[in-house]
Amino acid sequence: MAAPRLRIAPSPTGLFHVGTARTALFNWLEARRTGGTFVLRIEDTDLGRNLVEAADGIQRSLEWLGLDWDEGPYFQSQRRERHVAAALELAEAGFAYWSDPMPLAPDGKPERYDGRDRDRGLDRSPGRALRFRSPDEGATTVFDLIRGEPTFPNAVLEDFGLLKSSGDPLFLLANVADDIDMAITHVVRGEDHLSNTPKYQLLWAAIAPSAPLPVFAHLPLIVNEKRQKLSKRRDKVSLEQFRDDGYLPEVMGNFLALLGWSPPDGRERFAIGDVIKEFSLADVLSSSAYFDLKKLDAFNGDAIRELAADDLFERITPFLGTWDPARVQPLLPEVQTRVVRLDEVAPMVDFLYLDEPVWDDASWEKALRQTTGATAALLGAVAQGWSACPWEAEAVKAVVVDAGTASGLNLKKAQAPVRVALTGRAVGPPLFESAVVLGRGEAVRRVRAALDRVPALAP
RNA sequence: GGCCCCAUCGUCUAGAGGCCUAGGACAUCACCCUCUCAAGGUGGAGGCACGGGUUCGAAUCCCGUUGGGGCUGCCA
């Protein structure tokens with residue numbers, strides 16, 4: 001048997017959908033496992049909805065995930081003539097017929113087509129669309145690696161459109177014609193296409209009766225918490241968004257692979273490249289999968305913690321914007337166990353870069369309560385101690401411990417106002433390491449500045 | 001409405017008739033550790049939608065019910 005040919009065929013109508021990413025991944029895995037060919041085809045037939053930058057976004061997203069393609073990108077819009085020619089041949093052969101627009105319903109949309117033009121023998125003319133004449137009898141069976149052999153009565157298939165009244169090709173026509181021309185052998189796509197597949201097969205047989213039909217694999221849908229297909233309108237679905245939020249590409253690939261499939265040995269954490277040999281479309285589950293952000297976060301946090309220091313440094317740099325990453329580098333090991341996403345780093349260490357920390361009043365009030373009337377004495381002692389002690393974490397800590405003891409406060413309480421003084425917040429990376437990185441001068445200055453904010457008449 | 005698909009802890013899943021007293025992961029709860037917050041460690045709670053069959057034996061096979069979803073566009 002000839003080497004398989006698979007394709008990912010996204011439409012450039014917006015950001016890259018995670019569902020498309022998962023479909024691309026499974027196509028890629030199957031292509032790589034079998035030594036087949038992975039084709040990228042941009043389905044931009046709907047000129048009105050295309051976004052020029054989206055096609056580029058598709059390619060960059062695939063690259064980001066590490067999914068390389070062997071052919072393409074092909075652009076469907078550039079194959080318009082071939083699609084139209086195929087459609088006209090279909091009309092000529094009686095597989096399709098011309099049809100007038102349907103009257104508008106009260107809601108302003110055209111009514112559902114009822115087959116009224118089937119036998120009118122209308123000519124091709126401006127304003128008329130071309131429709132496929134679906135068989136009235138018989139049934140069409142789809143051979144699906146994941147779902148078995150669903151069979152559809154042909155009578156329920158509507159006479160779907162091939163060409164718009166503008167003359168432009170529609171999805172099914174372009175999709176099938178291209179799959180024929182590109183000799184696609186495996187159509188791996190979302191389950192939402194399953195119901196369209198009998199139409200796909202009928203069209204294929206009409207255009208290229210001698211070409212063997214591809215084998216199908218309809219992947220389970222990725223759904224939201226309401227178990228509905230992920231939608232761009234209500235759900236967070238763009239890969240670009242996940243990238244910008246600081247999810248690691250290898251984690252996204254790993255997580256997406258687990259939606260509907262798992263390696264035979266049951267392990268959950270893996271690189272997609274390591275799982276090629278174990279992958280099998282036949283092992284893909286058939287029930288829909290919820291996209292669980294919590295689990296993605298857990299995976300991402302784990303992966304961040306496993307990063308080597310220099311790797312982490314490189315990955316964090318773009319998330320710091322204009323800030324010099326070298327400044328935070330000494331604190332990175334402490335930051336590493338505290339972030340789940342890369343975009344959490346900047347707000348966690350902003351105090352190192354800003355002239356004044358972002359002051360959180362609630363944190364300060366809480367710190368004052370923990371130290372009651374001793375805040376001023378405590379901060380005074382810390383400022384004095386820090387001015388003279390060796391500038392390393394242990395010594396810096398000892399100063400706070402001693403200052404606390406002198407005020408009758410344990411370290412847990414004593415560190416609170418000091419932390420707010422330095423970082424502006426009640427939570428953050430370990431205080432003493434942070435102080436060391438901040439620098440003696442600035443640290444002491446901030447403690448003194450905080451001293452001025454202690455209420456004169458403490459409760 | 002019609003057609004099609006689906007159904008194991010809250011979630012992702014393991015499970016292809018006896019290995020199941022249903023395993024793992026995330027989430028959750030408790031405890032330990034602890035300068036905040038994390039991380040880490042230990043332990044706990046939690047599921048085969050329901051009803052019929054088939055079988056010596058069913059989470060696994062069959063039928064039905066219920067529930068959920070998809071498609072039904074001159075979108076893809």
Side-chain angles (χ1 to χ4, degrees), chain A residues 9-13 20 43-46 48-49 76 99 101-102 109-110 112-113 127-131 142 144 146-148 150-153 155-158 160-172 174-175 189-199 218 220-221 223 225-229 255 258-262 264-269 285-299 301-302 305 334-340 348 363 366-367 370 397 400-401 404 410-416 418-420 423 425-434:
Chain A
S11 63
T13 53
T20 312
E43 305 225 322
D44 55 349
T45 53
D46 189 354
R49 296 204 309 158
Q76 225 164 34
S99 168
M102 288 296 286
K109 293 177 179 174
R112 188 192 297 193
Y113 180 66
R128 281 189 183 144
L130 186 69
R131 290 180 181 279
V142 175
D144 192 293
I146 298 171
R147 275 150 224 287
T151 300
F152 301 74
V156 306
L157 267 25
E158 69 280 4
F160 54 94
L162 263 21
L163 294 177
K164 299 185 195 182
S165 53
S166 63
D168 293 323
L170 252 3
F171 165 68
L172 237 4
N175 191 248
R189 50 181 2 181
E191 194 204 329
D192 46 349
H193 285 287
L194 182 56
S195 295
N196 289 143
T197 307
K199 289 178 260 183
H218 285 95
L221 255 22
V223 299
E225 63 287 339
K226 292 161 75 177
R227 312 278 334 161
Q228 295 167 321
K229 166 167 98 157
F255 185 71
L258 247 17
L259 260 25
W261 181 78
S262 58
D265 66 1
R267 92 197 111 104
E268 292 202 304
R269 299 290 316 283
L285 259 28
S286 49
S287 50
S288 54
Y290 171 60
F291 193 88
D292 188 358
L293 257 319
K294 291 264 184 58
K295 185 152 182 169
L296 211 214
D297 281 348
F299 274 33
D302 283 348
R305 270 171 251 125
E334 305 294 352
V335 170
Q336 191 165 15
T337 59
R338 289 172 171 76
V339 295
V340 156
M348 187 175 287
S363 292
K366 186 182 174 191
Q370 284 181 32
K397 176 182 180 180
V400 177
V401 170
N410 61 25
L411 181 55
K412 194 182 183 75
K413 288 180 176 173
Q415 59 88 31
V418 182
R419 178 182 297 279
V420 180
T423 71
R425 302 188 191 88
V427 301
L431 180 57
F432 312 114
E433 286 75 4
S434 296

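Residue numbers begin at 1 in each chain, while the letters A, B, ... track the order of the sequences.
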Select base, sugar-phosphate, or nothing to describe what [X] touches, counting heavy atoms under 4.0 Å on all strands.
{"X": "A:Pro101", "result": "base"}
{"X": "A:Leu162", "result": "nothing"}
{"X": "A:Pro430", "result": "base"}
{"X": "A:Ala426", "result": "base"}
{"X": "A:Leu221", "result": "sugar-phosphate"}
{"X": "A:Phe432", "result": "base"}
{"X": "A:Gly301", "result": "nothing"}
{"X": "A:His193", "result": "base"}
{"X": "A:Pro220", "result": "nothing"}
{"X": "A:Leu172", "result": "nothing"}
{"X": "A:Thr151", "result": "sugar-phosphate"}
{"X": "A:Gly266", "result": "nothing"}
{"X": "A:Asp46", "result": "sugar-phosphate"}

Do any side-chain nitrogens or oxygens of [X] fall under 4.0 Å of OP1 or OP2 in [N]?
{"X": "A:Ser262", "N": "B:A14", "value": "yes"}
{"X": "A:Lys397", "N": "B:C35", "value": "yes"}
{"X": "A:Lys109", "N": "B:G73", "value": "no"}
{"X": "A:Arg305", "N": "B:G40", "value": "yes"}
{"X": "A:Thr45", "N": "B:A76", "value": "yes"}

Worksheet item: Does any N or O in the side chain of A:Ser363 come within less than 3.5 Å of the main-chain N or O of A:Ala426, such that one atom is a donor and the other an acceptor?
Response: yes

Which nucleotide in the set [options] lies at the smallest distance from any side-chain heavy atom of [X]?
{"X": "A:Ser286", "options": "B:C3, B:C6, B:C5", "result": "B:C6"}
{"X": "A:Lys229", "options": "B:C3, B:C74, B:G70", "result": "B:G70"}
{"X": "A:Ala298", "options": "B:U13, B:C35, B:A27", "result": "B:A27"}
{"X": "A:Tyr290", "options": "B:A76, B:U11, B:C74", "result": "B:U11"}
{"X": "A:Gln415", "options": "B:A7, B:C71, B:C35", "result": "B:C35"}
{"X": "A:Asp292", "options": "B:C26, B:C74, B:U13", "result": "B:C26"}
{"X": "A:Lys294", "options": "B:U11, B:C75, B:C26", "result": "B:C26"}
{"X": "A:Asp192", "options": "B:G70, B:C5, B:U13", "result": "B:G70"}
{"X": "A:Ser195", "options": "B:C35, B:G70, B:U13", "result": "B:G70"}
{"X": "A:Arg227", "options": "B:G1, B:G69, B:U13", "result": "B:G69"}

Worksheet item: Charged N to carboxylate O below 4.0 Å: is that the case for A:Glu191 and A:Arg147?
Response: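 Result for this pair is yes, salt bridge flagged.
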
Discussion item. One thing to verify: whether A:Glu158 and A:Arg131 come together as a salt bridge, which I'm taking to mean a side-chain N less than 4.0 angstrom from a carboxylate O.
Written reply: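 Here A:Arg131 does not pair with A:Glu158 in a salt bridge, since their nearest N and O are not under 4.0 Å apart.
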
Response to the item:
By nearest-nucleotide position on RNA chain B, the 5'-leaning member of A:Glu433 and A:Glu268 is A:Glu268

Discussion item. Between A:Arg147 and A:Val339, which residue's closest nucleotide on RNA chain B lies nearer the 5′ terminus?
Written reply: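 Here A:Arg147 is the residue nearer the 5' end.
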
Quantified in whole Å, what is the [atom1] atom distance between nucleotide [N] and nucleotide [M]?
{"N": "B:U28", "M": "B:G51", "atom1": "C1'", "value": "33 Å"}
{"N": "B:U36", "M": "B:A22", "atom1": "P", "value": "41 Å"}
{"N": "B:A59", "M": "B:U8", "atom1": "C1'", "value": "7 Å"}
{"N": "B:A49", "M": "B:C33", "atom1": "C1'", "value": "43 Å"}
{"N": "B:A16", "M": "B:U34", "atom1": "C1'", "value": "48 Å"}
{"N": "B:C63", "M": "B:G1", "atom1": "P", "value": "23 Å"}
{"N": "B:C26", "M": "B:C20", "atom1": "P", "value": "22 Å"}

Item to complete: Would you please indicate yes or no on a ring centroid separation below 6.0 angstrom for A:Phe160 and A:Tyr113?
Response: no

Practice prompt. Report the distance from atom CD of A:Glu334 to atom P of B:A38, rounded to the nearest whole Å.
Written response: 15 Å

Worksheet item: Between A:Glu225 (CD) and B:A27 (P), how many Å, whole number?
Response: 18 Å

Discussion item. Evaluate A:Arg305 against A:Asp302 for salt bridge (charged side-chain N to carboxylate O under 4.0 Å, His left out), listing each step before the verdict.
Written reply: CA-CA 5 Å; A:Arg305 270 171 251 125; A:Asp302 283 348; 2.7 Å; yes

Worksheet item: Can you find a donor-acceptor pair, distance only, under 3.5 Å between A:Arg419 side chain and B:C35 base?
Response: yes

Practice prompt. Check if the side chain of A:Ser288 and the base of B:G69 share a donor-acceptor pair of N or O atoms closer than 3.5 Å.
Written response: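 Flag unset: no donor-acceptor pair detected.
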
Fill in: Partner nucleotide, any strand, of B:C75 [Watson-Crick/G-U, under 3.5 Å]
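Partner of B:C75: none.
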
Worksheet entry | Atom NZ of A:Lys199 with >12 non-hydrogen neighbours under 6.0 angstrom | yes

Worksheet item: Around atom NZ of A:Lys164, are there more than 12 heavy atoms of other residues, nucleotides or ligands at under 6.0 Å?
Response: yes

Discussion item. With a 4.5 Å cut-off on side-chain heavy atoms, are A:Thr197 and A:Phe152 touching?
Written reply: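 Sidechains of A:Thr197 and A:Phe152: no contact.
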
